[in-house]
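Everything on this sheet refers to the single structure shown next.
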There are 2 protein chains.
Amino acid sequence: MAKTSANGSARAPRRKDGLSREVIIQSAIELLDGGGERALTLRALTIHLSTGYGAIYHHVADKDDLLATATDEIFARVLTGAVIDTDPRENLRHLALGLFDAIDAHPWVAAELSRQPWRPVLLDFYESIAGLLDALDVPERARFDATGTFMSYVLGDAVKNAATARHLADSGMDRAAFLGAAATQWAEVNPGKYPFVHAAVSQLRDHNDREQFLAGVDIFLAGIAALR
Amino acid sequence: MAKTSANGSARAPRRKDGLSREVIIQSAIELLDGGGERALTLRALTIHLSTGYGAIYHHVADKDDLLATATDEIFARVLTGAVIDTDPRENLRHLALGLFDAIDAHPWVAAELSRQPWRPVLLDFYESIAGLLDALDVPERARFDATGTFMSYVLGDAVKNAATARHLADSGMDRAAFLGAAATQWAEVNPGKYPFVHAAVSQLRDHNDREQFLAGVDIFLAGIAALR
DNA sequence: TCCCCATTGGATTGCCACTCCAAAAACGTT
DNA sequence: AACGTTTTTGGAGTGGCAATCCAATGGGGA
């Protein structure tokens with residue numbers, strides 16, 4: 001498909017305002033961030049890029065390709081922004097938070113993630129986590145399980161959080177109103193049948209998803225320390 | 001809408017072969033189990049039930065309602081089949097495995113779960129988990145976080161696993177072929193850039209998702225013990 | 001200069017969820 | 001048992017979507 005001349009120069013761009021795979025993905029991300037998964041329609045894309053279907057489908061295989069690549073792009077951004085800490089635990093926390101915040105900022109990634117959980121970009125995260133666990137003296141045979149476990153928790157909690165955020169946005173409530181309503185609703189739950197849920201209501205009122213996420217990260221880190 | 005006579009008798013059923021919400025949900029689950037999310041179309045439902053659109057929409061609000069209720073039904077089945085152990089740890093493992101196996105058997109639940117993570121049925125699981133953590137002497141302030149963390153890991157890993165299974169089914173490969181292909185592919189990964197992933201290949205070959213899931217549960221349990 | 005083919009735009013196709021309505025079946029009342 | 005009412009049913013119709021198809025355009029190499 002791509003024709004490269006003998007002198008090795010890249011194929012010349014066709015038009016000044018030329019459409020490209022990158023531009024299309026960028027637009028797709030904008031649409032997704034703006035209005036969620038439902039907002040990404042091919043029709044909306046043609047309008048946003050003032051072009052036609054044919055032009056888009058020339059650069060992109062189909063909508064799945066579009067969604068998958070957009071998701072890759074989000075994860076790639078997390079990677080480039082990753083911080084290097086001297087303390088492996090702190091580094092793991094930062095890595096986890098990076099993923100959590102990215103999915104929180106782009107909730108549509110969550111849906112795509114549960115559709116395709118094995119994108120190549122994630123390999124870099126597995127590699128980083130495994131390396132940090134090695135630095136924590138986790139023995140090799142346990143490292144494999146621990147890496148997957150850590151990723152499952154991080155992505156699982158981020159997805160849950162993103163879905164909640166999406167639900168919030170759809171219902172037009174803000175965070176406080178939603179938590180208040182949920183707390184009230186849960187408070188009415190039959191205390192006899194659900195004593196622990198009932199007792200949790202008070203904590204729900206001033207509850208911070210990000211902090212709870214980090215608390216979970218620390219539970220896993222404590223559990224992993226026991227593997228040594 | 002419902003008219004209840006003064007003597008309190010319920011409204012009589014309409015037809016012998018009567019369509020009902022339950023029958024429709026049942027059919028939906030059959031279609032979903034048979035061919036995944038794509039297989040559930042209203043058209044397919046009308047054929048499967050030999051009826052029309054109107055009849056179905058009389059009992060069900062829309063497709064989301066259908067999917068949500070079908071998901072509830074799967075979780076409800078897990079609840080009824082739940083085992084009670086004397087050892088809280090063992091009980092947590094059984095609870096987790098019940099969810100894992102259910103999502104493994106009905107992979108379409110995963111997608112719905114990341115769309116609506118707060119269905120009322122899940123309250124029962126939160127309650128059970130919180131109760132078991134209490135039995136493990138997890139202090140109350142930590143119990144709230146730990147319960148959510150556990151659920152996030154369990155559902156997150158189950159969703160990841162289900163997506164893999166779905167991917168497997170779509171590509172027509174069996175488990176062994178897929179793992180072999182993945183291991184081969186990963187083996188080719190640049191060992192310099194991905195030393196830990198490269199080292200993990202050997203473990204991938206005889207890797208059991210269910211066992212790895214349980215290993216993760218144990219990491220969590222070990223981490224919980226540190227909270228005491 | 002001229003031709004080739006990468007690139008483009010949009011009409012068209014086919015599938016889908018969902019609506020609407022008229023007919024049929026059961027019910028309650030007398 | 002007859003009748004009006006309400007519930008339930010089937011399917012034609014609507015609008016929106018992803019994806020295909022094809023004719024037109026124009027840039028760059030020969």
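To find a chain, count down the sequence lines: A is the first, B the second, and so on, and within it residues start at 1.
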Spacing of A:L42 atom CG relative to C:dG10 atom P, expressed in whole Å
14 Å
Counting only pairs under 3.5 Å, give me each side-chain donor-acceptor contact of residues 116-123 of chain A, with atom names and distances, residues two or more places apart or in other chains.
| residue | atom | partner | partner atom | Å |
| --- | --- | --- | --- | --- |
| A:W118 | NE1 | B:T164 | OG1 | 2.7 |
| A:R119 | NH1 | A:D72 | OD1 | 3.4 |
| A:R119 | NH1 | A:D72 | OD2 | 2.6 |

With a 4.0 Å limit, can you tell me whether B:H58 has a side-chain N or O closer than that to the phosphate oxygens OP1/OP2 of D:dT8?
yes
With a 4.0 Å cut-off on N to O distance, would you call A:D64 and A:R115 a salt bridge?
no
Close aromatic pair by centroid cut-off 6.0 Å: B:Y153 and B:F213:
yes
Does B:H167 NE2 have over 12 foreign heavy atoms under 6.0 Å away?
no
If the cut-off is 4.0 Å, is A:H59 near the phosphate of C:dT8, judged by side-chain N/O to OP1 or OP2?
yes
Could you state the CG-C1' distance from A:L19 to D:dG26, rounded to the nearest angstrom?
16 Å
Distance, rounded to the nearest Å, where A:L45 contributes CG and D:dC17 contributes P
12 Å
Within less than 4.0 Å of OP1 or OP2 of C:dG10, is there a side-chain N or O belonging to A:Y53?
no
Just the rounded figure in Å: distance from P of D:dA19 to CG of A:L40.
10 Å
Rounded to whole angstroms, how far apart are OH on B:Y57 and P on C:dA22?
21 Å
Rounded to whole Å, how long is the line connecting atom CG of A:L49 with atom C1' of C:dT8?
13 Å
Would you mind reading off the distance between B:K63 atom NZ and C:dC15 atom P, rounded to a whole angstrom?
15 Å
In whole angstrom, give the distance that lies between atom CG of B:D65 and atom P of C:dA17.
14 Å
